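Please read the structure below before turning to the comments.
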2 protein chains.
Amino acid sequence: MGTPAETPHRIVMTPAARRALDAAARLFYERGIHAVGVDLIAAEAGVTKKTLYDRFGSKEQIVVEYLADRDERWREFLARHLDAAGPDPRARVLAVFDATGAWAADLSPKGCSMVNAHAEISDPAHPAHPVITGQKRWMLDLFTRLAEDIAPDRAGALARTLMLLHEGALVAHGLGIFPDAAASAREQARALLA
Amino acid sequence: MGTPAETPHRIVMTPAARRALDAAARLFYERGIHAVGVDLIAAEAGVTKKTLYDRFGSKEQIVVEYLADRDERWREFLARHLDAAGPDPRARVLAVFDATGAWAADLSPKGCSMVNAHAEISDPAHPAHPVITGQKRWMLDLFTRLAEDIAPDRAGALARTLMLLHEGALVAHGLGIFPDAAASAREQARALLA
DNA sequence: AGTCGAGTATACCGATCTGTATAGTGGACT
DNA sequence: AGTCCACTATACAGATCGGTATACTCGACT
């Protein structure tokens with residue numbers, strides 16, 4: 001559980017590789033994975049395609065690194081919010097929704113990158129697949145552990161409801177149906193814990 | 001509000017056009033919009049590209065018809081469930097989640113087609129954009145009208161919570177994180193209405 | 001008989017796709 | 001001095017992209 005992704009990073013992050021991955025992450029998220037070619041990534045990063053393929057080997061692997069890297073950052077971001085919330089499990093649940101609200105406002109105007117990537121990946125054998133499902137499973141496990149400390153008799157159902165509110169908030173935020181979806185989810189979570 | 005989509009259908013649905021749209025719908029949903037080319041759509045439908053472009057004019061328009069058509073079918077599917085539920089607003093809310101569960105199990109193994117399409121469309125000026133946001137806004141309006149009949153003093157918050165549960169259930173179902181997400185959402189909705 | 005709409009078949013356009021090849025630069029470490 | 005590594009530059013391969021063109025068949029309606 002220390003490593004964020006099921007498939008750990010295999011790529012040596014040389015300076016050019018880092019620039020390429022940052023450019024790819026921005027382009028993939030903003031325009032979609034299939035809509036972005038490797039030539040564009042190379043041009044935006046100020047890197048040649050030769051270097052791209054020397055470091056990553058394939059576009060598929062760039063996609064995997066993109067998602068695994070974003071997953072890693074999210075878990076670190078969330079860990080900081082959980083640490084600041086203290087030991088009370090109710091406060092920690094609310095801290096998750098606070099973290100999601102801040103993350104969505106800053107970095108996810110188009111919704112969850114994992115969900116969006118999943119929409120473009122049809123093959124279940126794609127190496128990015130375990131990264132996507134791994135993060136969601138990890139989030140459900142987190143809610144389950146917190147729910148067990150709050151209401152052991154209904155921990156499973158409570159965790160699933162929190163998960164639905166959490167995913168719903170990310171989608172609603174991405175589509176812009178109503179403002180501050182994370183705050184609505186947090187408020188409903190607070191009511192559930194009372 | 002009688003017409004499902006903001007942009008009504010302009011395409012005359014000749015037999016070949018119908019076959020092409022059905023093939024496009026299946027391919028777009030399974031593999032993603034950008035991953036499917038017009039040559040493949042034509043081949044799968046047993047239609048020539050000439051016919052495709054005579055009927056639809058552009059791939060972009062095929063995408064719009066795909067989403068508008070699916071939206072139309074969903075609203076008809078939902079209307080049948082609402083009619084069967086009778087006049088009680090609480091029963092009607094639960095009927096929405098029942099319809100979503102049945103729809104997801106049959107036709108949406110990969111989650112909401114609107115959300116998935118939105119992930120691939122970056123340009124807000126894309127003609128498919130109002131179709132996507134239109135459906136979600138319509139769903140929120142539906143929940144709001146039902147919530148006003150149930151708890152007028154907290155209708156807005158209740159409707160938003162139902163919307164979060166609904167969208168969360170579709171995402172959770174699509175990612176397969178836990179089984180029968182629609183049933184979990186329905187159960188939580190039932191608790192909220194008590 | 002003549003016309004028209006719908007559809008088929010096939011070839012083509014320029015652009016872009018992922019991925020590879022060859023050749024060379026510059027710095028760090030031994 | 002020699003070796004390695006990260007990187008740049010450029011050209012290319014083979015396939016596929018969205019979209020267009022020409023020429024044809026067939027059935028329904030007038």
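Predicted, not measured: the structure shown is a model, and the values here were computed from it. To find a chain, count down the sequence lines: A is the first, B the second, and so on, and within it residues start at 1.
Here C:dG19 presents its P atom at 17 Å from CZ of A:Arg55, a figure rounded to the nearest Å. Rounded to a whole Å, the NZ atom of B:Lys59 is 8 Å from the P atom of D:dG19. Put simply, CG on A:Asp54 is 14 Å from C1' on D:dC4, counting in whole angstrom units.
Judged as a salt bridge (Lys or Arg N to Asp or Glu O under 4.0 Å), the pairs with a partner in residues 32-42 of chain A (not counting sequence neighbours) are, in order, A:Asp39-A:Lys49. Listed by first then second residue, pairs satisfying ring pair (Phe, Tyr, Trp, His ring centres under 6.0 Å) with a partner in residues 55-92 of chain B read B:Phe28-B:Tyr66, B:Trp74-B:Trp103, B:Phe77-B:His81, B:Phe77-B:Trp103, not counting sequence neighbours.
Among the atoms of the strands shown, none is found under 4.0 Å from any heavy atom of A:Val12. As judged by a 4.0 angstrom heavy-atom cut-off over every strand, A:Asp39 is placed among the base-contacting residues.
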Where protein sits on nucleotides 25-30 of chain C, one letter per nucleotide: B base, S sugar-phosphate only, - none, heavy atoms under 4.0 Å: ------

Got a list of side-chain donor-acceptor pairs under 3.5 Å for residues 174-185 of chain B, not counting sequence neighbours?
none

Under 3.5 Å donor-acceptor pairs involving side-chain atoms of residues 111-122 of chain A, not counting sequence neighbours:
{"residue": "A:Ser113", "atom": "OG", "partner": "A:Arg70", "partner atom": "NE", "Å": "2.9"}
{"residue": "A:Asn116", "atom": "ND2", "partner": "A:Lys110", "partner atom": "O", "Å": "3.0"}
{"residue": "A:Glu120", "atom": "OE1", "partner": "A:His34", "partner atom": "N", "Å": "3.1"}
{"residue": "A:Glu120", "atom": "OE1", "partner": "A:His34", "partner atom": "ND1", "Å": "3.2"}
{"residue": "A:Glu120", "atom": "OE2", "partner": "A:Ile33", "partner atom": "N", "Å": "2.6"}

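With sequence neighbours left out, the side-chain contact (heavy atoms from CB on, under 4.5 Å) criterion links B:Thr51 to B:Ala16, B:Val47, B:Thr48, B:Arg55. Residues satisfying the ring pair (Phe, Tyr, Trp, His ring centres under 6.0 Å) criterion with A:His126, sequence neighbours excluded, are absent altogether. Qualifying side-chain contact (heavy atoms from CB on, under 4.5 Å) partners for A:Arg154, counting only residues two or more places apart in sequence or in other chains: A:Ala151, A:Leu158. Residues passing the side chain to side chain donor-acceptor pair (under 3.5 Å) test with A:Glu60, sequence neighbours excluded: none. Not counting sequence neighbours, A:Asp149 has no partner by the side chain to side chain donor-acceptor pair (under 3.5 Å) test.
One N or O on the side chain of A:Arg19 and one on the backbone of A:Ala45 form a donor-acceptor pair closer than 3.5 Å. With hydrogens and angles disregarded, no donor-acceptor distance shorter than 3.5 Å links the side chain of A:Lys136 to the backbone of A:Glu167.
Against DNA chain D, the stretch residues 45-53 of chain B makes heavy-atom approaches under 4.0 Å through B:Lys49, B:Lys50, B:Tyr53. Within a heavy-atom distance below 4.0 Å of DNA chain D, no residue of residues 17-34 of chain B is found.
Nearest nucleotide to the B:Thr14 side chain, out of C:dA6, C:dG19, D:dC7: C:dA6.
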